[in-house]
Every structure is written in C-alpha cells, then in structure tokens.
Amino acid sequence: HLHPMTAARSPHQCSPSLATDILTETFLTARRMGIYHQQMCERIEPLMDGTWRHYSCAGCSGKVVVAPNGAAGICEYNAGDERSYVPLDQFSPDTAPDFLRWAGRSPLNTRECLRCPALPTCGGGCAYDSQQLMGDALKFDPWLCETNVQVIRWLMRDLLSHLQDKVRGQDFHVVTPQDRALLLGNIALDAARAPMPSVSYHRDVPEPEQCQCSAE
C-alpha cells in the first residue's frame, strides 16, 4: 500500500491480490519466528477477541499532529499544504478543520459496510487516501476494501488448517477464542511490547507523571 501524492494512485501501487499475497507471506514468515507483524496482527486481534476494529487511521481516532512550524492538525500528510491545520494555541476539535468530521469516519458507522465480511477487522483504512483519491475523507478506498476481504478469506483458510483434526468427522464446531488464537502461533499481542500498536490502545494514555519507567 502506497499513499497517493496527488489525486491519482502511485504508479508503483500493486493489485489487491498481490498485496494480500505479500501481507500473508510476510506474516507467515514472521509468525514462524514469533515476530509481531503489525498490519496483520491488528486485523487478527479483533477476530481473536470477538470485538470490532473501529479505526485503522489514527487521524479518525483523535490523533493530533504538531508540525515543525507550530501548527496543529489531524494528519501529517496534510501538513505540507496546511490543510486542516491551525496554530497550536488555537487548536480544539471545533477550530481544527475536519477534526470532528474525521472522528466519525468508521466502517461501523457506514451503512454500505455493514454486510462486508471484513467489517470486524477492517478499520476503514486511510482518510487521507480517500480525500486525495475520491475527494472525500469519509469515503472508503475500494482498493483497500478488496484487499481486506481477501485477507479475511485467507485468515479463515489458515484457521481451518489449524482445526482440521479437531473438526474432522463433526457436523458442527463452535470456533472458540482459543481456536482463533492459533492464527497467532507464538506471537504475543502485548500492547506494551508491540511496535506501533493499534490506535485503540492510545485512548487512555497516562500523564507523564503516572508512567512507571524502567531502567532497562
């Protein structure tokens, strides 16, 4: 996945099928070594826990970016043309252009997404890409939609491969969270150790004086 720099896709952007192959092969290699693969683990965790991934774009989850010139906004990619940026001392959800509009951007809030098989694990992708490619940050990129559907299909096949012996000869099997955890192998989804964890972990960040720092 490559961000567009103008109103067109990068000429180096691959197809959803190739992107899925790259994601899954990289994940399999990482899983064999117990390495956290961010892009896949963020999809697997809600599937494993039976929850929903509300956002995959931090700009839609209350992120604030401060540019070197002191202006503040919701997306670092908009800093170049100062879109959605205001002076830091004036920043608030009401003064920053698009802040509240982006905050409502989630496939869980979108009627067209409610029947998609990838809905629980999707998160909606990048609002900046939608803004650039389709002129509206609230729309969803069909490239990412197709990729996410292909990824969830692969996850179902991979999960079944772990359950073949367990379900053989059965007419019905309720897949448990422990079964779904087989997708991770020996990868630990510890938010304190995972690199760049999902934006959902950043909702209740403690104040600096509350943090317990280690000397390691």
Side-chain angles (χ1 to χ4, degrees), residues 1-31 36-48 51-63 65 73-81 83-84 97-99 101-159 183 194-200 202:
H1 171 241
L2 300 172
H3 293 292
M5 299 304 293
T6 63
R9 294 193 187 278
S10 166
H12 306 291
Q13 178 67 62
C14 65
S15 68
S17 295
L18 180 55
T20 303
D21 290 344
I22 292 169
L23 271 173
T24 54
E25 288 302 316
T26 306
F27 170 69
L28 287 173
T29 300
R31 184 172 69 182
Y36 182 104
H37 183 284
Q38 179 194 350
Q39 287 80 3
M40 286 292 283
C41 286
E42 288 181 352
R43 290 173 168 90
I44 294 173
E45 186 167 16
L47 178 67
M48 187 181 74
T51 56
W52 303 83
R53 189 182 182 197
H54 290 259
Y55 312 100
S56 55
C57 175
C60 300
S61 184
K63 180 179 75 171
V65 177
I74 54 179
C75 175
E76 56 270 30
Y77 289 98
N78 284 343
D81 58 10
R83 188 183 324 191
S84 303
D98 293 331
F99 189 93
R101 191 164 184 266
W102 281 38
R105 183 189 187 278
S106 172
L108 301 182
N109 298 331
T110 307
R111 183 182 298 274
E112 294 80 8
C113 297
L114 296 183
R115 296 193 178 195
C116 177
L119 177 62
T121 63
C122 168
C126 176
Y128 171 82
D129 286 0
S130 296
Q131 175 181 272
Q132 292 295 97
L133 294 171
M134 292 170 281
D136 187 350
L138 298 192
K139 292 184 178 180
F140 296 101
D141 183 357
W143 182 95
L144 189 67
C145 294
E146 185 177 345
T147 302
N148 277 324
V149 170
Q150 292 192 32
V151 167
I152 199 73
R153 287 173 177 162
W154 181 88
L155 287 172
M156 294 298 97
R157 292 194 298 269
D158 188 69
L159 177 58
L183 290 166
M196 298 176 62
S198 178
V199 294
S200 60
H202 298 299

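Numbers here simply count residues along the sequence, with the first being 1. The analysis underlying the following values was restricted to heavy atoms, covering all of them including side chains, and did not include hydrogens, waters or symmetry mates.
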Is the shortest heavy-atom distance from the side chain of [X] to the side chain of [Y] under 4.5 Å?
X      : Y      : answer
Trp143 : Arg9   : yes
Pro142 : Met134 : yes
Leu119 : Leu114 : yes
Leu183 : Met40  : no

Task: Member of Leu23, Thr29, Ile22, Leu28 meeting the side chain to side chain contact (heavy atoms under 4.5 Å, CB included) criterion with Glu25 - done: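 Going through the options one by one, the only one that passes is Leu28.
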[X] to [Y] - nearest heavy-atom pair and separation:
X      : Y      : answer
Ala8   : Leu133 : C-CD2, 3.7 Å
Pro97  : Ile74  : O-CD1, 4.1 Å
Cys145 : Phe140 : SG-CB, 4.2 Å
Ser56  : Gly125 : OG-N, 2.7 Å
Lys63  : Ala58  : CB-O, 3.1 Å
Cys116 : Val149 : SG-CG2, 3.8 Å

Determine, stepwise, if the pair Arg101 / Leu138 fulfils side-chain contact (heavy atoms from CB on, under 4.5 Å).
CA-CA 8 Å; Arg101 191 164 184 266; Leu138 298 192; 3.8 Å; yes
Output the distance between atom [atom1] ([X]) and atom [atom2] ([Y]), rounded to the nearest 0.5 Å.
X      : Y      : atom1 : atom2 : value
Leu18  : Gln13  : CG    : CD    : 9.5 Å
Thr24  : Asp158 : OG1   : CG    : 9.0 Å
Cys57  : Trp102 : SG    : CH2   : 5.5 Å
Ser15  : Asp21  : OG    : CG    : 8.0 Å
Lys139 : Asp129 : NZ    : CG    : 14.5 Å

[X] side chain vs [Y] backbone, donor-acceptor pair below 3.5 Å:
X      : Y      : result
Arg43  : Ile152 : no
Thr110 : Glu112 : no
Thr51  : Leu47  : no
Arg53  : Ile44  : no

**OP:** Please determine, by modelled atom types, if Ser130 and Arg105 share a side-chain donor-acceptor pair under 3.5 angstrom.
**Re:**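 Side-chain D/A pair, Ser130 to Arg105: present.
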field: Exercise: do Asp98 and Gln131 side chains pair donor with acceptor under 3.5 Å
entry: no
Q.
Would you call the rings of His3 and Tyr128 parallel, tilted or perpendicular, taking 30° and 60° as the class edges?
A.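 Perpendicular, since the angle between the ring planes exceeds 60°.
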